Amino acid sequence: MEAIPFSRFKEAFIRILENLEKHREELNDLDAPIGDSDHGESVCRAFARVKEAVEAFPEDQKDIGALFTAVGKTILFFGGAAMGPLYGTAFLDAGKVAQGKSSLTLPEFVEVFAAFVEGVRRRGKAEPGDKTMYDTLYPALLALKGACEAGKPLEEALEEAKKAARLGMESTKGMLAKRGRASRLGERSIGHIDPGAASSYFIIEAWFESLM
Ligand code: ADP
Ligand code: MG
């Protein structure tokens with residue numbers, strides 16, 4: 001079975017930052033009506049530090065777990081707002097599962113991504129339908145897992161997960177926010193895509209494309 005090598009996980013972080021920067025204004029604008037307009041700034045600032053940390057990662061070290069742990073620590077340290085602890089925990093938890101691995105097969109990556117998504121849930125206590133980044137991440141996980149169990153090839157599985165993530169992001173538009181700053185708006189939070197759900201989509205889009 002084809003395994004995804006360390007190098008692709010490393011390169012992914014460059015593309016994630018590029019994609020977040022491309023959508024920085026859009027993310028700020030999504031955070032305007034139901035938050036404090038900073039989401040694009042927050043994620044770009046955090047992932048710019050991540051890029052530095054990844055570039056400083058020792059050339060001879062090929063441990064995907066150690067890479068994700070370094071990324072998680074960087075986001076926890078430099079990433080402010082709500083998104084810092086959430087994405088930071090996600091990468092730390094993913095790092096534990098990937099520890100000692102220099103490549104990941106699709107079933108192994110499903111386990112690692114499951115830990116990532118569960119990290120967000122554990123840290124934020126969000127459930128599906130609460131209008132958060134979890135509404136992008138959880139459907140993506142289900143699609144990835146389903147495709148893997150159906151024996152689909154890596155690229156197809158990642159494509160299906162990406163599509164599910166996009167639909168998940170779009171589904172937050174009709175939801176009433178139950179977590180975070182947007183929850184203070186109650187009914188008025190309905191009708192806007194959640195900014196965290198959008199940044200999670202842009203992260204997955206760049207991340208999964210890098211792994212194909
Ligand atoms: P802040 O509201 O502190 O400015 P950000 O703008 O960085 O935070 O991030 C807001 C996003 O964080 C929301 O759009 C939502 O997706 C996510 N979020 C907030 N609270 C939670 C939570 N408890 N669980 C999961 N995601 C959350
Ligand atoms: Mg905000």
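Heavy atoms only: backbone and side chains are in, while hydrogens, waters and symmetry mates are out. Along the sequence shown, residues are numbered consecutively beginning with 1. For ligands, and for the atoms within them, numbers begin at 1 and follow the listed sequence. Model, not experiment: these values are computed from the prediction.
Under 4.0 Å from ligand 1, not a single heavy atom of Val43 appears.
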- salt bridge (charged side-chain N to carboxylate O under 4.0 Å, His left out) between Glu170 and Arg166: does it pass, once the steps are laid out? CA-CA 6 Å; Glu170 287 165 356; Arg166 178 182 272 284; 3.6 Å; yes
- What's the verdict on side chain to side chain contact (heavy atoms under 4.5 Å, CB included) for Glu127 and Arg121, showing C-alpha distance, side-chain angles and the deciding distance? CA-CA 7 Å; Glu127 296 298 331; Arg121 199 200 60 77; 3.8 Å; yes
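Ligand 1 has no nitrogen or oxygen under 3.5 angstrom from a nitrogen or oxygen of Gly80. Residue contacts with ligand 1: Lys125 is placed with no nitrogen or oxygen under 3.5 Å of a nitrogen or oxygen of the ligand (distance criterion only). Checked by distance only, ligand 1 and Asp38 come closer than 3.5 Å through their nitrogen or oxygen atoms. Checked by distance only, ligand 1 and Met83 come closer than 3.5 Å through their nitrogen or oxygen atoms. An N or O contact shorter than 3.5 Å is missing between Ala126 and ligand 1 by distance.
Between Arg8 and Glu2 there is a salt bridge, with a side-chain nitrogen of the basic residue lying less than 4.0 Å from a carboxylate oxygen of the acidic one.
Here the angle at the Mg ion (ligand 2) defined by OD1 in Asp38 and OD1 in Asp36 stands at 80°, rounded to 10 degrees.
From the protein, the heavy atom lying nearest to atom 14 (O) of ligand 1 is Asp194 OD1, 2.6 Å. Among protein heavy atoms, atom 5 (P) of ligand 1 sits closest to His39 ND1, 3.3 Å. Annotation: atom 22 (C) of ligand 1 to nearest protein heavy atom, Gly124 O, 3.6 Å.
Under the ring-ring contact (aromatic ring centres under 6.0 Å, His included) rule, Phe91 has a single partner from Phe116, Phe77, Phe113, which is Phe116. Results of the side chain to side chain contact (heavy atoms under 4.5 Å, CB included) test with Ser199 over Asp194, Thr136, Leu30, Leu27 single out Leu27 as the only residue that passes.
Checked against the 6.0 Å centroid criterion, the rings of Trp207 and Tyr87 do not qualify as a close aromatic pair.
Ligand 1 lies less than 4.0 angstrom from a heavy atom belonging to Pro195.
For Lys73, the NZ atom is loosely surrounded, since the number of other residues' heavy atoms within 6.0 Å does not exceed 12.
Across Asp130, Leu30, Asp36, Leu86, heavy-atom proximity to atom 4 (O) of ligand 1 is greatest for Asp36.
In this pair, Phe68 and Phe9 present their aromatic rings perpendicular. The plane angle is above 60°, beyond the 30 to 60° band.
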